[in-house]
Amino acid sequence: MIDVTFDELMELVVHGFEIGGVTVLVLGALGAFAHAVMVARRTGLRDAYETARRSVGRAILLGLELLIIADIVLTITVDPTLESALALGLIVLVRTFLSFSLEVELEGTLPWRRGSGGTGTPAHQRDTPA
């Protein structure tokens, strides 16, 4: 029988989330660029650029969320010290700012102003060709 301690198990969980986050970043970016090439062939470079920008932004947002989960699990299970909690707070603050900035870039409006532009439809749904 394999004898694994709780800390070792949690480190494996953390590595899983880190691998998942990096995988989402890499595959999301590659997929975004492949999709942009298809869009460029159909509608032109301007639409391809916007498609790639939105898709890469979404991949970054999801990848950041997975990496934040890894940092939280690591801090609360493996290394629960004041120093690691402060480092986690700083990491989450920076990543939250990045996520917020990307969300505003993708949607074209502040989160609390969505739906007040008259249509109630998020920007990413309005910009998508039918």
Side-chain angles (χ1 to χ4, degrees):
M1 188 162 133
I2 299 174
D3 188 25
V4 178
T5 66
F6 178 76
D7 284 351
E8 291 169 339
L9 179 62
M10 289 300 104
E11 286 180 9
L12 288 173
V13 169
V14 166
H15 289 305
F17 276 109
E18 289 172 338
I19 290 168
V22 171
T23 301
V24 165
L25 291 169
V26 171
L27 294 180
L30 291 175
F33 294 132
H35 185 236
V37 167
M38 291 187 297
V39 169
R41 289 181 180 163
R42 279 187 289 144
T43 62
L45 290 177
R46 183 174 178 85
D47 289 340
Y49 169 76
E50 289 300 320
T51 297
R53 191 171 150 269
R54 278 194 309 272
S55 298
V56 168
R58 288 185 189 118
I60 291 171
L61 284 171
L62 182 56
L64 283 174
E65 295 299 326
L66 290 171
L67 293 171
I68 288 172
I69 292 170
D71 290 332
I72 291 170
V73 171
L74 180 67
T75 299
I76 64 174
T77 61
V78 178
D79 190 23
T81 64
L82 180 60
E83 184 177 320
S84 66
L86 291 173
L88 172 66
L90 183 60
I91 289 168
V92 169
L93 185 68
V94 168
R95 288 185 179 162
T96 300
F97 175 75
L98 287 172
S99 294
F100 178 79
S101 298
L102 281 168
E103 191 73 30
V104 170
E105 267 300 303
L106 291 172
E107 296 297 326
T109 185
L110 296 170
W112 53 87
R113 295 210 169 196
R114 279 191 208 121
S116 65
T119 65
T121 305
H124 70 276
Q125 290 176 353
R126 287 191 304 266
D127 295 340
T128 305

So if you build clusters from Ile, Leu, Val, Met, Phe, Trp, Tyr with side-chain heavy-atom gaps below 4.5 Å, do [X] and [Y] land together?
X    : Y   : result
I68  : I76 : yes
L9   : V73 : yes
V13  : I72 : no
M10  : L66 : yes
F100 : I91 : no

Evaluation steps, side chain to side chain contact (heavy atoms under 4.5 Å, CB included), between T51 and T43: CA-CA 11 Å; T51 297; T43 62; over 6 Å; no

Between [X] and [Y], which heavy-atom pair has the shortest distance, and what is it?
X   : Y   : value
L45 : A40 : CD2-CB, 4.2 Å
L74 : V14 : N-CG2, 3.5 Å
D7  : T77 : OD1-O, 3.5 Å
A36 : A48 : O-CB, 3.2 Å
A29 : V56 : CA-CG2, 4.3 Å

More than 12 non-hydrogen atoms from neighbouring residues, nucleotides or ligands closer than 6.0 Å to OH on Y49, yes or no? no

Nearest 0.5 Å, what's the [atom1]-[atom2] distance between [X] and [Y]?
X   : Y   : atom1 : atom2 : result
R58 : R53 : CZ    : CZ    : 10.5 Å
L98 : L93 : CG    : CG    : 10.0 Å
L30 : L25 : CG    : CG    : 11.0 Å
T23 : L62 : OG1   : CG    : 11.0 Å
F6  : E11 : CZ    : CD    : 11.0 Å
E83 : T75 : CD    : OG1   : 11.0 Å

Does a side-chain heavy-atom distance below 4.5 Å link E65 with V24? no

